[in-house]
Peer 1: 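Handing you a structure now.
Keep in mind that the numbers below use all heavy atoms, side chains included, and drop hydrogens, waters and symmetry copies. Worth saying up front: this structure is predicted, and the values here are computed from it rather than measured.
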Amino acid sequence: MSRLNKMRVCAGVVAALSMAASQQGHADVRFPTKAVRIVVGFTPGGAADQTARIMAEKLAEKWKPHAVVVENVIGAGGNIGALNVYRSPPDGHTLLLVSNTHAINRVLYTETEFDITKDFAFAGMMTSSAIVIAVNPKAKVKTMPELLAKMEREKGEMNYLTCGAATAHHFAMELIKVETHTKAVHVPHRGCSPAVVDAVAGHVDTVVATMPTVLPFIKSGKLVPIAVTSAKRSESAKDIPTVAESGIPALKNFSVENYYGLAAPGGTPKEVVAKIESDVRQALESPETRAKLSGAGLDVFFLDSAQSADLIKRDVASYGAAARTAGIKAE
């Protein structure tokens, strides 16, 4: 069982025990008192953006008459958006759509103005999104062994697209290369959507991107799924095997996962953070919201504030080790 899956099990127990106390203790908090802005540091259309927009719609119902607005503030692998929230008033009305990319950034960009592990108040993790390795049909590849054989045939000159340099998608493929002693050339894009579009167009055969951006093209037959990099199959596409299921001994324990949550600037009152966390949890319990997230290729789960902070800290440590092993640096 992966670390994220173990934390999900613990999260269910904690949520059940604390639900009543949380609702009673934070029912009288006056939040929000104005429009709430959710800052997404990535391009529109990706898993982070879709998580933010679907959740914003549901939270807006709970926070009437105040609006919930999603704003894409892109650049520096998500750091520009995070900096925007870090510099905002610590009152909960500006939130960051936080992901494991921010943990990666902490490893690669050590001189930023903020520290994601210390300078934000986490308000819960909400979704995870499988990272998918897919190919254009003209590549005539359908399995991980076939993809690795293609990499061998092309003597390290095979290109692969990702959503950006030093993203989880980049880490996933680089770690596969390290474990299998293969080579390929990384072609980073400014977001998952343009990377997938290029793969569909056939400019580069192989793409590593989030499920929400890949799934429509898999369903239409314009891309062929090879594997997901998570520890278990995605609920939104159960027929796609994991990398660990590929039968390649070196990859039998392979797991790289994406996740998305909300965080407020550090110093935000604990009562406000707890109110946001409680409302997020209740929103995720809505069958309609769960259906929308699942339909977008997102898997629903919940971690509370403390568990979210712990997950980020653990990933900073594990991604640091992975970066040293694979020689990944900021570009």
Peer 1: Report the distance from atom NZ of K238 to atom NZ of K232, rounding to the nearest 0.5 Å.
Peer 2: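 Answer rounded to 0.5 Å: 9.0 Å.
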Peer 1: Is it the case that the side chains of N84 and R37 hold a donor-acceptor pair, with the cut-off being a distance below 3.5 Å and no angle test?
Peer 2: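 Side chains of R37 and N84: pair found under 3.5 Å.
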Peer 1: Salt bridge or not between R233 and D239? Use side-chain N to carboxylate O under 4.0 Å.
Peer 2: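 A salt bridge is absent here (no side-chain N lies under 4.0 Å from a carboxylate O).
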Peer 1: Does the side chain of N258 come under 3.5 Å of the side chain of N100 through a donor N or O and an acceptor N or O?
Peer 2: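 Their side chains do contain a donor-acceptor pair, which is all the 3.5 Å distance test asks for.
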Peer 1: Are any non-hydrogen side-chain atoms of H93 and S88 less than 4.5 angstrom apart?
Peer 2: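 When only atoms from C-beta onward are counted, S88 and H93 do not touch, as no gap falls below 4.5 Å.
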Peer 1: Determine whether the side chains of H186 and T162 contain a donor N or O and an acceptor N or O closer than 3.5 Å.
Peer 2: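 Short answer, yes.
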Peer 1: Can you confirm whether K313 is buried at NZ, in the sense that more than 12 heavy atoms of other residues, nucleotides or ligands lie under 6.0 Å from that atom?
Peer 2: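 No, not enclosed.
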Peer 1: Would you say that I328 contacts Y319 through its side chain, given a criterion of any heavy-atom pair below 4.5 Å between the two side chains?
Peer 2: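 Not in contact.
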Peer 1: Under 3.5 Å, is there a donor-acceptor pair between the side chain of H102 and the main chain of S99?
Peer 2: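 Yes, H102 side chain to S99 backbone: donor-acceptor pair under 3.5 Å.
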Peer 1: Regarding R290 and E285, does a basic nitrogen lie under 4.0 Å from an acidic carboxylate oxygen?
Peer 2: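 No, this pair does not count.
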Peer 1: Does the side chain of E174 come under 3.5 Å of the side chain of Y160 through a donor N or O and an acceptor N or O?
Peer 2: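 Yes.
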Peer 1: For the residue pair S294 / S236, report whether a side-chain donor-acceptor contact shorter than 3.5 Å exists.
Peer 2: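 No - no donor-acceptor pair under 3.5 Å links their side chains.
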Peer 1: Answer whether the closest heavy-atom distance between the side chains of F31 and V36 falls below 4.5 Å.
Peer 2: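 Yes, close enough: below the 4.5 Å cut-off.
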Peer 1: Assign the ring pair Y86 / F120 to parallel, tilted or perpendicular, where the plane angle (0 to 90°) is split at 30° and 60°.
Peer 2: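 If you compare the ring of Y86 with that of F120, the planes turn out tilted.
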Peer 1: Quick test of your reading of the model: are K150 and E154 salt-bridged, counting only N-O distances below 4.0 Å?
Peer 2: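 A salt bridge links K150 with E154.
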Peer 1: Looking at D304 and R281, does any basic side-chain N land under 4.0 Å from a carboxylate oxygen?
Peer 2: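 No.
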Peer 1: Which heavy atom of Y260 sits nearest to which heavy atom of T210, and what is that distance?
Peer 2: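 Minimum heavy-atom separation between Y260 and T210: OH-CG2, 3.7 Å.
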Peer 1: Can you confirm whether more than 12 heavy atoms, excluding those of K222, are under 6.0 Å from its NZ atom?
Peer 2: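 Counting neighbours around NZ of K222, 12 or fewer heavy atoms of other residues, nucleotides or ligands fall under 6.0 Å, so no.
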Peer 1: Mind listing the closest non-hydrogen atom pair of V280 and M126 along with its distance?
Peer 2: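 Scanning both residues completely, I find the closest heavy atoms to be CG1-CG, 3.6 Å.
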Peer 1: For E152, is there an ion pair with K183 - N to carboxylate O distance below 4.0 angstrom?
Peer 2: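 Answer for the salt bridge query: no.
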Peer 1: Please find the pair of heavy atoms, one from P269 and one from P90, that lie closest to each other, and give the distance.
Peer 2: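 In terms of heavy atoms, the two residues are closest at CD-O, 3.3 Å.
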Peer 1: May I ask you to decide whether R53 forms a salt bridge with E57, counting only side-chain N to carboxylate O separations under 4.0 Å?
Peer 2: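 No, this pair does not count.
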Peer 1: Of all the heavy-atom pairs spanning V107 and A323, show the shortest one and how long it is.
Peer 2: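 Looks like CG1-CB, 4.1 Å.
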Peer 1: Please check if any side-chain donor atom of S305 sits under 3.5 Å from a side-chain acceptor atom of S308, or the reverse.
Peer 2: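 Result is no, nothing qualifies.
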